There are 2 protein chains.
Amino acid sequence: MAKKNHDPLSPAMLEQVAQQFRALGEPSRLQLMNLLFDGESTVGELVERSGLSLANVSKHLGHLHKVHWVTRRKVGVKVLYALADERTFGLCELMCDRVRSVTKAAVARIDAPAPKQPRRRG
Amino acid sequence: MAKKNHDPLSPAMLEQVAQQFRALGEPSRLQLMNLLFDGESTVGELVERSGLSLANVSKHLGHLHKVHWVTRRKVGVKVLYALADERTFGLCELMCDRVRSVTKAAVARIDAPAPKQPRRRG
DNA sequence: CATATATTCAACTATATGGTTGAGCACATG
DNA sequence: CATGTGCTCAACCATATAGTTGAATATATG
């Protein structure tokens, strides 16, 4: 039997929340977000700093903007993007922590003597 | 010019972090995680509670397990899954908050009198 | 061993999405 | 208005992946 029965989140909500996660579930977008930790930046700058193609960066930023992970403002002929949510940094920290502890655990597992697996008959 | 130059995360790290996000970037998996908030549960129970197909649930749980979002333990003929990271709940709360505030902002935007757009000539 | 139960695996299809390329658009300047 | 700059958009292709179906595996029981 279940412990607490949390509210089971409507399908629409699940989809929207998933969308938020999915937006960060891509290395290029994550890299752009990471670059934006240093502050507001133009598309061109982000292209240079990331090494990604112009159209690609523009597309990813558009995506991140659509789901409100970044803000956009136009200044003259340039467009400036910035992080829209202060919590982004903490979020990424958390995930990095996870990756590091998982990796460490994996290493520990390799170092450990192989757990005696019950031999399976040939 | 940039503010701080955070460490730019290796491509491998970006991919691993992205993988963590991506695992939660899918409504069905999110639903399963949400069900697990109530405590450890068997695959069969999760199938009933989620309304998803057996194979589908098994696959998603396998995926979540591979990236260490859930733990797995076998008891007799059944398999029990549970959340592997206490921070999961906080994480989902954060995302739900985001969705809610974005939605609210959208409604506010609809309610507001149309911001006078500089008329573009026909 | 035969059978039942609980879960996983493999193969397949349909859809979504990342990246590229080339065209298009908005603003600035002479 | 012609040109240059900075960015976005649309079409396209290749790959990844959610979900299904049917077979396979593991554990318990008679």
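These numbers come from the heavy atoms of this one structure, side chains and all, not from hydrogens, waters or symmetry mates. For clarity, every value in this text was computed on a predicted model and none was experimentally measured.
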Below 3.5 Å between N/O atoms, which protein atoms pair up with nucleotides 4-7 of chain C? Just atom names and distances, please.
| unit_1 | atom_1 | unit_2 | atom_2 | d |
| --- | --- | --- | --- | --- |
| dT7(C) | OP1 | V43(B) | N | 3.2 |
| dT7(C) | OP1 | V79(B) | N | 3.4 |
| dT7(C) | OP2 | G44(B) | N | 2.8 |

Where do [X] and [Y] come nearest, in terms of heavy atoms and distance?
X      : Y      : value
L30(A) : A18(B) : CD2-N, 3.4 Å
H68(A) : R98(B) : O-NH2, 2.9 Å
G62(B) : R72(B) : CA-NH2, 4.3 Å

Item to complete: Measure the acute angle between the ring planes of Y81(A) and H65(A), then classify it against the limits of 30° and 60° as parallel, tilted or perpendicular.
Response: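 Judged by the thresholds at 30° and 60°, the geometry between Y81(A) and H65(A) is perpendicular.
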Please state how far atom [atom1] in [X] lies from atom [atom2] in [N], giving the value in whole angstrom units.
X      : N       : atom1 : atom2 : value
L61(B) : dA18(D) : CG    : P     : 13 Å
R73(A) : dG6(D)  : CZ    : P     : 17 Å
L30(B) : dT17(D) : CG    : C1'   : 17 Å

Discussion item. Contact between H60(A) and Q31(A) at the side-chain level, heavy atoms closer than 4.5 Å - yes or no?
Written reply: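 Side chain of H60(A) against side chain of Q31(A), heavy atoms only: no contact under 4.5 Å found.
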Item to complete: Please confirm whether the backbone N or O of L35(A) pairs with a side-chain atom of R49(A), one donor and one acceptor, at under 3.5 Å?
Response: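 Present.
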Protein and nucleotides 17-21 of chain C: nitrogen or oxygen contacts under 3.5 angstrom:
| unit_1 | atom_1 | unit_2 | atom_2 | d |
| --- | --- | --- | --- | --- |
| dG18(C) | OP1 | R29(A) | NH1 | 3.2 |
| dG18(C) | OP1 | R29(A) | NH2 | 2.9 |
| dG18(C) | OP2 | R29(A) | NH1 | 3.4 |
| dG18(C) | O3' | E26(A) | OE2 | 3.4 |
| dG19(C) | OP1 | S28(A) | OG | 3.2 |
| dG19(C) | OP2 | S28(A) | OG | 3.4 |
| dG19(C) | OP2 | N56(A) | OD1 | 3.3 |
| dG19(C) | OP2 | N56(A) | ND2 | 3.3 |
| dG19(C) | OP2 | H60(A) | NE2 | 2.5 |
| dG19(C) | O5' | N56(A) | ND2 | 3.4 |
| dG19(C) | N7 | K59(A) | NZ | 2.9 |
| dG19(C) | O6 | K59(A) | NZ | 2.8 |
| dT20(C) | OP2 | S53(A) | OG | 3.1 |

Item to complete: Look at R22(A) together with E15(A) and state whether they make a salt bridge at an N to O cut-off of under 4.0 Å.
Response: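 Looking at E15(A) together with R22(A), the answer is yes, because their closest N to O distance falls below 4.0 Å.
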Worksheet item: With respect to M33(A), which candidate in D85(A), L91(A), L64(A) satisfies the side-chain contact (heavy atoms from CB on, under 4.5 Å) definition?
Response: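 Of the listed options, the one satisfying the test is L64(A).
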